[in-house]
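In the text below, chain A, chain B and the rest are named by the order of the sequence lines, each starting its count at 1.
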Number of protein chains: 2
Amino acid sequence: MPTPSAYEVQFQPVGKRVTVLAETTLLDAARQAGIDLTSACGGEGNCGQCQVVVLTGEATPLNADEEFLLSEKDRAEGYRLACCTKILSEVKIHLPKDSLITGQRLQVESNLRTFPPDPLIQTYAVEIPPPTLNDIRADFTRLVETLAEHSFSGGTAPLPVMRTLSGTLRTTGWKATVFARGTEILAVRPPDQRPLGFAVDLGTTKIAAFLVDLETGTTLATGSTPNPQISYGEDVISRLNYAYRNPDGGHLLAQKVHQTLDEILGDLLNQVGAERAQVVDACIVGNTAMTHLLLQLPIQQLAKAPYVAATSHALDVPAPELGLGMAPGATVHIPPTIGGFVGGDHVAMVLASDLDESEKITLGLDIGTNTEISLRLPGQAQLTAISCASGPAFEGAHIRDGMRAASGAIEKVRITAKGLELTTINDEPAVGLCGSGILDTIAELCRAGLVETNGRLNKDGKGARVGDQGTEFVLVPGNRSGSGRDIVLTQKDVNEIQLAKGAIQAGLQVLLEHTGTPREAVQEVIVAGAFGSFLNIENAIRIGLFPDLPNAQYRQVGNAAALGAKWILISREARARAVEIARRTHYLELTTYPKFNRQFARAMMFPEK
Amino acid sequence: MPTPSAYEVQFQPVGKRVTVLAETTLLDAARQAGIDLTSACGGEGNCGQCQVVVLTGEATPLNADEEFLLSEKDRAEGYRLACCTKILSEVKIHLPKDSLITGQRLQVESNLRTFPPDPLIQTYAVEIPPPTLNDIRADFTRLVETLAEHSFSGGTAPLPVMRTLSGTLRTTGWKATVFARGTEILAVRPPDQRPLGFAVDLGTTKIAAFLVDLETGTTLATGSTPNPQISYGEDVISRLNYAYRNPDGGHLLAQKVHQTLDEILGDLLNQVGAERAQVVDACIVGNTAMTHLLLQLPIQQLAKAPYVAATSHALDVPAPELGLGMAPGATVHIPPTIGGFVGGDHVAMVLASDLDESEKITLGLDIGTNTEISLRLPGQAQLTAISCASGPAFEGAHIRDGMRAASGAIEKVRITAKGLELTTINDEPAVGLCGSGILDTIAELCRAGLVETNGRLNKDGKGARVGDQGTEFVLVPGNRSGSGRDIVLTQKDVNEIQLAKGAIQAGLQVLLEHTGTPREAVQEVIVAGAFGSFLNIENAIRIGLFPDLPNAQYRQVGNAAALGAKWILISREARARAVEIARRTHYLELTTYPKFNRQFARAMMFPEK
């Protein structure tokens, strides 16, 4: 099989580039570039939503679906459906605003460092002398002795490799691609196969995954899916409880994730027409609890003080233990964790954002159901990390009309003299509030004096009323909402946010105090995570979710943990650095920190008008 | 659990000693010493066969079964039933001739070298600091850091170890026995557990196994059982055919052996009251085909010229791959093989008999369904090995009245002026011929001129007659046999033996010629294997089964392969030597050797009267 051609696709106006195989659809290319195009039918050519314009370069001609779905005017203006259009050369593509699920989501993953590919896996193209009456060496011996001529000094292989070797060599005419790790042979494949890797950010809520060419570092395909454990508990603690209290609960939760990961891998491989046996390495990052559940490690001691992990070492786990269909001898790398609630995903985020090498006094925040914060002081080897139980409120959970950041979610709110100004995702009629909308609402209510410093909603303020759960603020009345129901922010919602921001604010204060770092000394704040990257920073500072650091620049870096997973996958240097980061990071346990409770109580206060 | 007491048992008149745990029955002690006591009921106290006399030392008093089965006279003379008598101190035991299945079987395993214990597995007794609010290291980290104080420099463990670690430490009060191999932790167990190993000789016909204390080298229990693959083919080639021709045939054959091995291991552990998780290492030796079937390696290329193995390397296979319930991280060592038909069992035999270091020109023969022969020339690094397809005739198969060496088998035959002198095992009425009886009969018939040089039975000789399969020689008429049928040796039987001895003789001639070794230069012949150790050497030389080497001494060493497996299990030196032996041994393929067929035709001749 000759290596197929690959071309660069450039997306305007977002300035993203991606290199994909010839005949990839523009929809797949956009996915690989991390761009979410609207596509209700999932790429079946039925909905007509994924409209794009090919500015330069060659692509396949209009097909019957496009003829049917695009108007004459659209076609005259060069519109195409991304799912129907396959590239035949380098192309430059224009993305109309309507085709994007949300424009601002494209700002992520900027300003992050990169690692050149330097994989643990070596690839050898070999031609092996077949046996004769005068050369009766065992098949494996002739393989190893041929590899020795390619300066490979090793000679072990797991049984599954030995079991398929004799057959493979006899069907490929004694030519093969050999994938090896150190002295161990992981797979013997037909000639000209590429070594692929699988990088995963296993979030409590969402799983993001990449399929990567290990030698070029090119991301060949990306995918994401909800964490299937959600139905067994939204946050980490409730899932640990489920695993602990139900017979076989841990096994069930592990199986759910294993199955989902294997399905994603299968999907990504299908997208690029590659085989499972080519996938010779993987890296999965996640918080400590997610990692324990993934590996079916004991969790009883993790769920109660002093919150001790079963293991914090980096692990290399045989792929079959995680139910992953990969090359016969492939292992999955699990980076080290820092503490009971600061996991390998935070290590990956520190790595990808270069926090550990920063020349400035820098804070790194990864905001999620659990929020991890690390402090870098230049000149000191040690980083200090804390973990705050911020809860799922910013992900829209436990909020009366909360929702994920999807079509119709209110994502921006302003209270002006004329009244409320709302922006929804895709400009659809509002159906709920996503994290940034919740944040904006509360910040604006504070600014307007409608939320008191103790968090109480002013029931006499404009837009306020008393509902069945106490005071609530009406954002959209039912006759104008997409759901037909009133969209409101309740007193209880405000209190949820109060707890979340209080936990983060108090944690940060303890972190700065404990390390003797004055607030005004902090020079940079790196904010990672999906929510953290799309919110209004001024509002976050206003309500005290982000610290008010007079001299600090904020940098929103998107899903840096996922990117870190990719670097750990393809680069030996990055893998070693991750171990170093974990080793160098001191974990400061807040729940047993003497001053924490007092700080926490104080941090729950909202600002004065 | 305190270490239980162990006592030495001495068996007279055979001079065997064995150390066993207190309250072991004398029947089990005899088994562990390799002594086969008659016991039709298998040790249930029902048959009364396993009579012994306790000469000195303490044992449990007569029980009800013994009162019932032993006569008053027996009891007065101190007779006990071995299966009912448990030792309470050092004892000296007399074995009456009637209680032994066959006396000569006790001569085995003499003159073999020993290796001092030097296991790959290290054992550490540790006490680990429990976590506190000020010490929140992960459980695995505190284990590894404690081990570092015991000069253990490592820190990996397979997932199953990590999964049980937290629970184990919390139930043993943070004290543990840790078993490690190199830098890897294999098992974390309650305090004071011993590291055990499992050594297996996986024969085509019979499986022999030992349970060994890895640190003392003591064999704690032994067992043997038929190879369950026998029902799928008696010899190697028919089993390979079965595996190849039947869908899932290879999987089935592997499973059969895995299950049997796991059952033996369970039995041995029961005998000494130990746990599976204490079994931290294993070594399985077998011929190349048995090893391929055990590991489910491909066999198509092994079954046809040029007979190439899938692998000849030493392997360390995770125990679960072989269905063996051992310590979580335990592996099974499979020593290297020499050629398509000279396996790790021959390597183990060479090791145990010290053939590779012999100061004499020495031949090593391992006679079985397949016969392997190695030649050692002092001063030369290289050994040369051949393999002859000698067939199962000497194991009693393919012989009209052939049988295994069991009660009632004719094991010695002499033709004298007065007629036939026959000896049967246990002096029971004859029911068939075992290997040594077959050999004696043919040798005596040659000596008496009743078999011609071309192998034809003289139909006019005394005792000869013409039966339905041609000429046959009557050994025992039906009215005096144990089965009521005539026991005969047929013309076809003679031809089977002729093929077997022809193959061995021709192979030996080629081996000597090819290496330029004159017959009179050979100084020593080591004969291993069950059959080889019990036959009449003079008769074997007479018919040409053993070479007539004027200056050679013969040494019968019994199951040296099984002993070699034990040394490879407990000694790193032995394990490395096995690899060296395989590397140093040149395999000479007979079937493609130019002169072999001519030699084979000539070697089928029997000697003149």
*Select one option (side chain, backbone, both, neither) describing which atoms of B:L169 are under 4.5 Å from chain A's heavy atoms.*
neither
*Most chain A-contacting option - heavy-atom pairs closer than 4.5 Å, from B:T337, B:L295, B:T164, B:L302*: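 The residue among B:T337, B:L295, B:T164, B:L302 with the greatest pair count is B:L295.
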*Got B:H333 and B:I284 here, is their nearest side-chain heavy-atom distance under 4.5 Å?*
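Result no, sub-4.5 Å side-chain heavy-atom pair not found.
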How close do [X] and [Y] get, heavy atom to heavy atom, and via which atoms?
X	Y	value
A:G286	A:T291	O-OG1, 3.4 Å
A:L590	A:V510	CD2-CG1, 3.8 Å
A:N370	A:S387	ND2-OG, 2.7 Å

*asked:* Counting heavy-atom pairs closer than 4.5 Å to chain B, which one of A:E589, A:H292, A:Q296 comes out on top?
replied: A:Q296
*Select all residues of residues 180-189 of chain A having any heavy atom within less than 4.5 Å of some heavy atom of chain B, and report them by number, or 'none'.*
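The stretch does not come within 4.5 Å of chain B.
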Enumerate donor-acceptor pairs with a distance under 3.5 Å from any side-chain N or O in residues 131-143 of chain B to protein atoms, sequence neighbours excluded.
unit_1	atom_1	unit_2	atom_2	d
B:T132	OG1	B:N134	N	3.2
B:T132	OG1	B:D135	N	3.1
B:D135	OD1	B:R137	N	3.4
B:D135	OD1	B:R137	NE	2.9
B:D135	OD1	B:R142	NH2	3.2
B:D135	OD2	B:R137	NH2	3.0
B:D135	OD2	B:R142	NH1	3.1
B:R137	NH1	B:E145	OE1	2.6
B:D139	OD1	B:R170	NH2	3.2
B:D139	OD2	B:S166	OG	2.7
B:D139	OD2	B:R170	NH1	2.9
B:D139	OD2	B:R170	NH2	3.4
B:T141	OG1	A:S312	OG	3.1
B:R142	NE	B:R137	O	3.3
B:R142	NH1	B:P129	O	3.0
B:R142	NH1	B:P130	O	3.4
B:R142	NH2	B:D135	O	3.0
B:R142	NH2	B:R137	O	2.7

_Taking B:I568's backbone N and O only, do any of them form a donor-acceptor pair with B:R575's side chain (distance below 3.5 Å, no angle check)?_
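Side chain of B:R575 to backbone of B:I568, a donor-acceptor pair under 3.5 Å: yes, one is there.
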*Cut-off 3.5 Å, side chains only: do A:H514 and A:T384 have a donor facing an acceptor?*
no
